[in-house]
Every structure is written in structure tokens, then in C-alpha cells.
Amino acid sequence: MASPPDKSKTIKLERYNSYLRRLHSTKILNSSSKLLFRATLLIVLVLILFFTLNYPPLSDNIPNHAHLHHHHNFLSTAFFTSAGGAAWEKQVRHSSTPKRRNGLSVLVTGAAGFVGSHCSLALKKRGDGVLGLDNFNSYYDPTLKRARQKLLLKHEIFIAEGDLNDASLLRKLFDVVPFTHILHLAAQAGVRYAMQNPQSYVSSNIGGFVNLLEVAKAANPQPAIVWASSSSVYGLKHSIYGPWGRPDMAYFFFTKDILQGKPIDVYQTQDDKQVARDFTYIDDVVKGCLGALDTAEKSTGSGGKKKGPAQLRVYNLGNTSPVPVVNLVSILEGLLSRKAKKHVIKMPRNGDVPYTHANVTLAYKDFGYKPSTDLATGLRKFVKWYVNYYGIQTSLKKGSAISGEHPEGSA
Ligand SMILES: NC(=O)c1ccc[n+]([C@@H]2O[C@H](COP(=O)([O-])OP(=O)(O)OC[C@H]3O[C@@H](n4cnc5c(N)ncnc54)[C@H](O)[C@@H]3O)[C@@H](O)[C@H]2O)c1
Ligand SMILES: *[C@@H]1O[C@H](CO)[C@@H](O)[C@H](O)[C@H]1NC(C)=O
């Protein structure tokens, strides 16, 4: 006769099983918590290292730019761009060290801008050290500024991200680098936008500029300073144009609108005259800026050789041959193989001006400034860059007017 199953034994076995299960899960828990602990420790160590290298200096001056958005990429770029860190300093030094003997070491403000990016590349190309500064504001598409930054980085030019009004950042830059020159091109550009946002002009072009001058004054050695004004201060207007140009300028948005079949506004003066502009190609302006840098004397203030006030010279850089805007439109029509929908209207009284003409006599005398690019040649280079950059499939025939140029344009 089979004995009934021993109940107590079954219970014991069950208990034993559950004990084993518990033991097992505790082990798993134990080993996983050990792993967790180690991983946490590792992460903490990495973070400590990260913040030691990149601890940002205390800023005593928070730039007032609430009207323009700034884009920061945490982690992806912070490691290299947050001011004051060892990695940041290394980039700053490397970028600003000249590669040729007696080369300049230039702080280029507005280096992510149109003129600034071209000048930076030209300086680097001839062996000078270049460090950029830019706040990447969104006055126009910041994607374009980032693309210029990428191009500069390819040529080992680093742009420190910050505002002209940030005195501690500027001081830090001058602590790290004995700049010989400043090429000051960071500004709130444009004329019409002043109607909308006059404060941005005061903040960058006056406040930021004075801040830069103050820091440069205190720097040792004192750098020579070259800065761009605008023919607008004469009540005139000439538009610099070329590859990597500014989307807020007529030749740029005319190209866009013509390609999209949108009508374009072509201005006439109040007395029905044609509006003409002294269009200057970017390469000619770059030559002028480099010429001004090369002939700029050191400030003769406290740090200079000579006593007395610093020497100030004013150069006009233009093309000296104003072209009617309607001619610009017909050149574009030819290059794009599209007819523009011209909408001729009277020029609004909004700070815009009917005609311009530069007197380049002094620039020629001092550094041989002589513009050499005519509008058709320059626009061909611009359109070539434009269709490339925006990946536009045009009906442009192979071997047409715009083919055969380097996609980076003049850069
Ligand atoms: N492009 C032209 O046709 C033209 C003609 C005559 C004079 N200029 C002058 O040349 C200079 C540069 O013009 P651009 O066409 O290269 O303009 P841009 O707008 O392309 O470049 C200016 C750059 O400065 C940066 N910036 C602006 N405010 C700043 C601030 N507070 N701190 C740090 N960075 C700041 C902007 O982000 C921008 O990248 C301006 O002074 C402009 O008036 C330009
Ligand atoms: C052009 O500039 C030069 C040098 O500054 C000056 O001597 C000359 O008078 C100017 N010409 C005109 C037409 O204003």
C-alpha cells in the first residue's frame, strides 16, 4: 500500500525552493547593484572631469539680446566651446597662432557673418592666426552662420561663441592670446531693420563696440583695430555681395524669389529715376580689409611707441561704378534662365537711399585697393554658390554661365 505523500516533506521542499529562488534573486540584485554602483561612479567621475575642464568663468555682464534667440547645443559642442575650459583654451590658442613668420594674430568679430567669414579664411590662407567671435544671433537664418562656422572649422578656424557685450569673455580671450590685431565686423547690419528694432543697433554697434574698445585698451600688447562701418552713415548705400552672402540683401532674395516665381519689388526714386548701387564683390572687400590690417598702426596710446592720440584713418571700399538695380535683375535672369516678375514701385522713405558712390582714393594710395570684379562675374559666382548650397535643381544647362566654379565660391 502506497503511503500518502509526506506533506511536511513537500512543504519543506517548497520552502527550500523558495529559499533558493530568493537567494538567486538576491545574488542578481547584489551583482546588478554592484554594476549600478560602478556605472554611477564612472559617470560621476566623467562629469567631474568634464566640469573641471569646462567650468565657465563667472560672467559679470550678461548680454542683453532677448530679442534674438541663441542656439546652444548642450554636450555636443559645450565641451569645446564653453569659455574658460582647457579644451576651449586649446582651441583658442591653436586657431589664433600664426603659421608664417611675423604673421598676424587677429581676433575677427562677426566671423560667422558674411564679411567676417571671408576675411577669416583669407587671413588663415596666408598664414595668419585667426580667432573668431560671434553670438550667432537670428537676425537672419542662423543655419547659414553655422554652415560658415563649419567651413571655417575645416580650415582650423575656431569661433568663440559669445557677445561683444560680454566683457569677461573678451578679457579671457585677451588673457589667452596676445592678439596683434582686431578686425571688428560683428554688428547689427542692415538699414531697414532699424525701424523695427533700433535697440539691437545700440546694443551691438555702440555698447558692444565700446566694450571691445575698452578691453582692447587694457590688453597687453594693445592690438591695432580695423572696423567696418557702412556707407549708410553717409546717407548712402552700397551693397557687398557674393557667395555665403546675407539673405536680407536684395541680390540674395531676388535670386530666391526669381527661382520661386515670386514677384520682386524694384524701386524707383520719388521722381521716377532708376535706383543704382555701387555693388562690390566680396573678394575686393576682403582685399581692402586685409590691406587696412597690414597698414594699421599700433595704437599710440599708453602701450604704443609714439605718444599722442591713436591714428584714425577712414577708407571707403567700393566698386566705384554704380549699376542700376534693373541691370542686376537682368543679369540674374540670365544666370538663372528665368524671367523675373518685376514689380516697379516708388522707393519707400524708410532709410533707404537712391544712389551711392565710393571714393576709394585713400585706400588705393595706402594699400593699392583696386576693385577688380565686375557685377556679372561676381553674380555668376554668387549664383553658382547659391544653387549649390540650397541644392537647387535648376534648368541651367551644362556648360551654362554658372558652371565651372568651386562650390565654396571665393573661399
Ligand atoms: N554686407 C554688406 O553689404 C556691408 C556693406 C557695408 C558695410 N558692412 C558692414 O560690415 C560689417 C559686417 O557685415 P556682414 O554683411 O558681414 O553682416 P553679418 O550680419 O553677416 O555679420 C555680422 C556678424 O556679427 C554677429 N554679431 C552681431 N552682433 C553681435 C554681438 N553683439 N556680439 C557678437 N556677434 C555679433 C552676427 O551674428 C553676424 O554673424 C557690418 O558692420 C556691416 O555694417 C556690410
Ligand atoms: C576722395 O578722397 C581723397 C582722399 O581722401 C580726397 O583728397 C578727394 O578730394 C576725394 N574726392 C572727392 C571727389 O571727394
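In each ligand, atom 1 is the first atom listed, and ligand 1 is the first ligand listed.
Electrostatic pairing of Glu161 and Arg146 counts as a salt bridge here, judged by a charged N lying under 4.0 Å from a carboxylate O.
In this pair, Trp385 and Trp244 present their aromatic rings tilted. The plane angle is within the 30 to 60° band. Taking the six-membered ring for Trp and thresholds of 30 and 60 degrees, Phe382 and Tyr386 have ring planes inclined between 30 and 60 degrees apart.
Annotation: Tyr139 places no N or O atom under 3.5 Å from an N or O atom of ligand 1; distance criterion only.
The shell of residues lying under 4.0 angstrom from ligand 1, judged by heavy atoms, includes Tyr140. For Gly208, the closest heavy-atom approach to ligand 1 does not fall below 4.0 Å. A heavy-atom separation below 4.0 Å is not found between Pro142 and ligand 1.
Surrounding CZ of Phe367 are more than 12 heavy atoms belonging to other residues, nucleotides or ligands, all under 6.0 Å away. Counting heavy-atom neighbours within 6.0 Å of Lys90 NZ, excluding the residue itself, gives a total of 12 or less.
Counting heavy atoms closer than 4.0 Å to ligand 1, residue Phe136 contributes backbone atoms (N, CA, C, O) but none from C-beta onward. Proximity of Ala111 to ligand 1, defined as any heavy-atom pair under 4.0 Å, is not found for any part of the residue.
Ligand-side atoms of ligand 1 in range of Ser204: 28 (N), 29 (C), 30 (C), 31 (N), range being under 4.0 angstrom from any heavy atom. In summary, the atoms of ligand 1 found under 4.0 Å from a heavy atom of Ser239, numbered by their order in the structure, are 3 (O). Listed by number with element, the atoms of ligand 1 under 4.0 angstrom from any heavy atom of Leu185 are 11 (C), 12 (C), 22 (C).
Residue Val115 holds the heavy atom nearest to atom 16 (O) of ligand 1 of all those in Val115, Asn135, Leu169, Thr280. Looking at Val191, Asp134, Asn165, it is Asp134 that brings a heavy atom closest to atom 23 (C) of ligand 1. With Gly116, Gly318, Ala228 as candidates, the residue nearest to atom 10 (O) of ligand 1 on a non-hydrogen basis is Ala228.
Side-chain atoms of Tyr193 and Asn197 form a donor-acceptor pair, as typed in the model, at a separation below 3.5 Å.
Put simply, the side chain of Asp128 reaches to within 4.5 Å of the side chain of Arg126, judged on heavy atoms.
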